[in-house]
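Each chain gets a letter, A, B and so on, in the order the sequences are listed, and its residues count up from 1.
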Amino acid sequence: MIPLSWYIIFAALLFCIGLYGALARRNALAILMAIEIMLNAVNITLVAFWRYITPEYVSGQAFALIVFAVAASEAAVGLALIISLYRKRKTVAVEEIDMLKW
Amino acid sequence: MTLYQIAFLVAAFLTLVAALMTVSSPSMVHSALWLILTLGGIAVLFLLLNAGFLAVVQVAVYIDAIAIMIIIVVMLTQGAVRRQLQQVSRAWWGAAVAAILLFVGLLMIFNQTPALATTAPPLLQSQEAMLKDLGQALVDVNHYILPFEVASVLLLAALIGSIIIAWPLRKPESEGGEG
Amino acid sequence: MTAFLQDPFTWIAELLRTWLTGLGLASDFVTFLLQLLGALVLATVMLLLTFLLILGPNRVGPFGVFQTVADLLKLVTKELITPTGADLIPYNLAPLLAVMSVVGLWAVIPLAPTLLGANINVGVLYIISIGAIGTLGIMLAGMSSNNKYALLGAFRTVALMVSYAVPMVLALLVPVLLAGSMDMQTIVDAQSPLPFLLLTPVAAFVFFISSLAEVGRAPFDLLEAESEIVAGFHIEYSGLKFGMFFVAEFLHAFTISAITATLFLGGWQGPWAEQYPFLGLIYFLIKTSIVYFVVIWIRGSFPRIRIDQMNAFNWKFITPVALLSLSMSAVAEKLAVELGWSRLLVHLAASGFIVLITLVALGIYARTTRRRSEQMPTASESLTSA
């Protein structure tokens with residue numbers, strides 16, 4: 001059937017695509033989207049390891065659920081920060097948000 | 001080539017293409033749409049991994065909540081008109097090199113781990129029994145009650161925090177916003 | 001003959017299966033063909049229901065049925081005008097997403113003991129997740145139309161739908177709690193002695209109201225009322241694309257009636273439904289029609305609600321009631337199981353307690369508002385004093 005290595009290679013590739021997006025984009029929202037891609041890659045890794053190594057324990061799925069909750073909360077706070085920054089500085093390009101206090 | 005393998009290859013290819021388009025699309029709205037396709041592809045992969053509950057949770061949390069929030073904020077910060085900013089920074093080649101190096105490094109590590117070539121062991125429990133086990137494990141004192149409660153406190157903190165951060169500016173002349 | 005009367009669907013399926021395998025086809029292929037045929041039959045039945053119910057309450061006449069066909073023909077033959085500057089991919093994707101989310105809901109609704117599209121064991125969660133894809137479609141429609149009114153309409157719609165999804169999910173958890181499973185067929189089976197409407201009227205009320213708001217129907221149709229914001233998010237859509245939004249809304253109203261009937265009224269339950277599953281389908285349609293009748297009744301009775309009133313109603317009334325209902329149901333279920341009291345009485349006591357608390361809170365709120373408005377000077381007093 002499908003060996004575990006397929007899933008892990010796929011997840012590694014997805015993580016690297018997300019990493020490229022997080023490092024190379026100027027828009028803060030695009031960076032957030034790339035971070036979500038990275039979190040999804042990690043989730044796939046967790047669930048693939050659960051399914052292939054220890055399908056009788058439920059820990060893998062519980063871990064993945066906690067990752068869902070953490071991803072949702074960091075996306076919410078990140079988006080709130082972006083809205084607040086946009087209100088103040090009228091920009092979401094991360095190069096222009098470079099002063100600690102203005 | 002069994003049906004599962006074909007399904008996996010199609011879903012994985014679609015997800016990777018969608019992820020590539022997400023990080024390289026010049027329009028933010030299109031980027032968000034490709035992100036939704038990526039998240040949907042990941043949900044299909046969860047289904048292939050016999051984690052049906054997680055697949056539906058993925059759609060409900062990521063697509064129905066996070067993706068909609070992202071689209072709303074894209075609209076709020078760009079208006080109804082697409083503005084074609086230069087979306088990729090000048091150092092994009094550095095990011096590409098870093099990503100490729102990381103991928104090659106991971107591949108080398110995977111090559112040295114023979115345990116990764118295993119195929120799936122059969123599932124001994126039915127889906128309902130797994131779901132029941134998951135639910136009970138999340139509230140069992142010996143298992144995952146602590147991460148469960150901490151995650152709920154984290155969600156509460158994120159809820160309150162994001163409301164406070166995104167509260168509209170009260171006085172225009174003061175420092176404005178508790179950002 | 002008795003086998004046919006008992007379960008016509010399975011009898012016909014077995015007949016087709018023996019005929020097709022007798023023709024020499026492989027067994028897996030026969031299964032696939034039968035499932036495809038079943039899906040096509042279901043789709044035809046649903047389309048028929050759509051056509052018969054797209055009528056709405058204001059075109060009832062002796063030949064009302066033909067009015068629907070005329071409507072459909074008009075929509076199909078209209079020109080598809082795309083506004084300039086519209087983002088084409090979200091613009092064309094939005095009606096598809098809206099219809100997809102509604103049609104996808106029908107896969108998990110049990111129409112009869114043996115007639116269920118997909119017997120997944122997380123049916124309720126599937127309803128929540130697929131139902132919210134429609135919100136995505138509406139947001140894309142408003143965003144990509146290059147029109148300020150469409151954008152405003154889309155923002156309001158999404159704010160409303162996302163807000164009312166909170167009490168809807170909380171109220172959906174109560175039947176899950178009472179039945180012990182998220183599987184829709186199990187929830188229907190668990191309602192054999194008593195439908196859940198008798199056990200938790202509060203949760204049924206909350207779910208009904210919040211799903212009416214999700215659909216954008218009844219007193220919550222601010223979003224597309226022509227006197228309010230022109231046509232809301234679908235201003236720039238014409239022809240069949242608008243027709244798809246139209247179909248999606250009416251079918252969504254019927255779908256939430258079906259879901260309410262399944263979760264709270266007992267779905268296909270009724271006398272002799274297990275032995276003759278065809279009767280189960282009849283009972284399901286009757287119960288859904290009753291709920292849809294109430295939807296239309298509400299539409300004709302209440303005035304439209306303003307957006308700030310809608311938000312206040314949601315966050316200050318419905319969501320606390322939903323939270324209270326969920327926690328009270330959990331406590332009542334535990335009491336009924338542990339102490340062995342009668343389940344119906346404990347749950348009714350819990351619901352009565354919630355109604356009591358709500359009425360007391362509303363009374364206190366009304367009294368403080370009245371006192372505050374009495375203390376403030378009225379218009380004539382402020383005119384004479386200033």
For this session: Just jot down the salt bridge (Lys or Arg N to Asp or Glu O under 4.0 Å) partners of B:Lys132, sequence neighbours excluded, or say none.
Result: none

Exercise. Given side chains that start at C-beta, do those of C:Leu140 and C:Ile89 come closer than 4.5 Å, heavy atoms only?
Worked result: no

Exercise. With a 4.5 Å limit on heavy-atom distance, are the side chains of B:Leu138 and B:Ile145 in contact?
Worked result: no

For this session: Check each atom of B:Leu131 against the heavy atoms of chain C and say whether the ones under 4.5 Å are side chain, backbone, both or neither.
Result: side chain

Problem set entry | Within residues 97-113 of chain B, residues adjacent to chain C where the heavy-atom gap is under 4.5 Å | none

Exercise. Is any side-chain heavy atom of C:Ile256 less than 4.5 Å from a side-chain heavy atom of C:Phe207?
Worked result: no

Quiz: residues 160-181 of chain C side-chain donor-acceptor pairs under 3.5 angstrom, not counting sequence neighbours:
unit_1   : atom_1 : unit_2   : atom_2 : d
C:Ser163 : OG     : C:Ala159 : O      : 2.4
C:Tyr164 : OH     : C:Met310 : O      : 3.0
C:Ser181 : OG     : C:Asp183 : N      : 2.9

For this session: Return yes if some donor-acceptor pair links the side-chain N/O of C:Ser325 with the main-chain N/O of C:Val321 below 3.5 Å, else return no.
Result: no

Problem set entry | Near-ring test B:Tyr144/B:Phe148, centroid separation under 6.0 angstrom | no

For this session: Please list, in residue-number order, every residue in residues 46-62 of chain B that has a heavy atom less than 4.5 Å from any heavy atom of chain C; write 'none' if there are none.
Result: B:Phe53, B:Val56, B:Val57, B:Val59, B:Ala60

Exercise. Between C:Asn121, C:Val122, C:Leu93, which has the largest tally of heavy atom pairs under 4.5 Å with chain B?
Worked result: C:Asn121

Problem set entry | Side chains of C:Tyr91 and C:Lys241 in contact at under 4.5 Å (non-hydrogen atoms) | yes

For this session: Taking atom types as modelled, find out whether B:Trp34 and B:Ser25 have a side-chain donor-acceptor pair closer than 3.5 angstrom.
Result: no

Exercise. Sub-3.5 Å donor-acceptor pair from the side chain of C:Ser327 to the main-chain atoms of C:Leu323, do we have one?
Worked result: yes

Problem set entry | Residue C:Ile120 versus chain B: region with a heavy atom under 4.5 Å | neither

Exercise. Does the pair B:Asp64 and C:Thr135 meet the rule for a side-chain hydrogen bond (donor to acceptor under 3.5 Å, both in side chains), with working shown?
Worked result: CA-CA 8 Å; B:Asp64 292 342; C:Thr135 317; over 6 Å; no

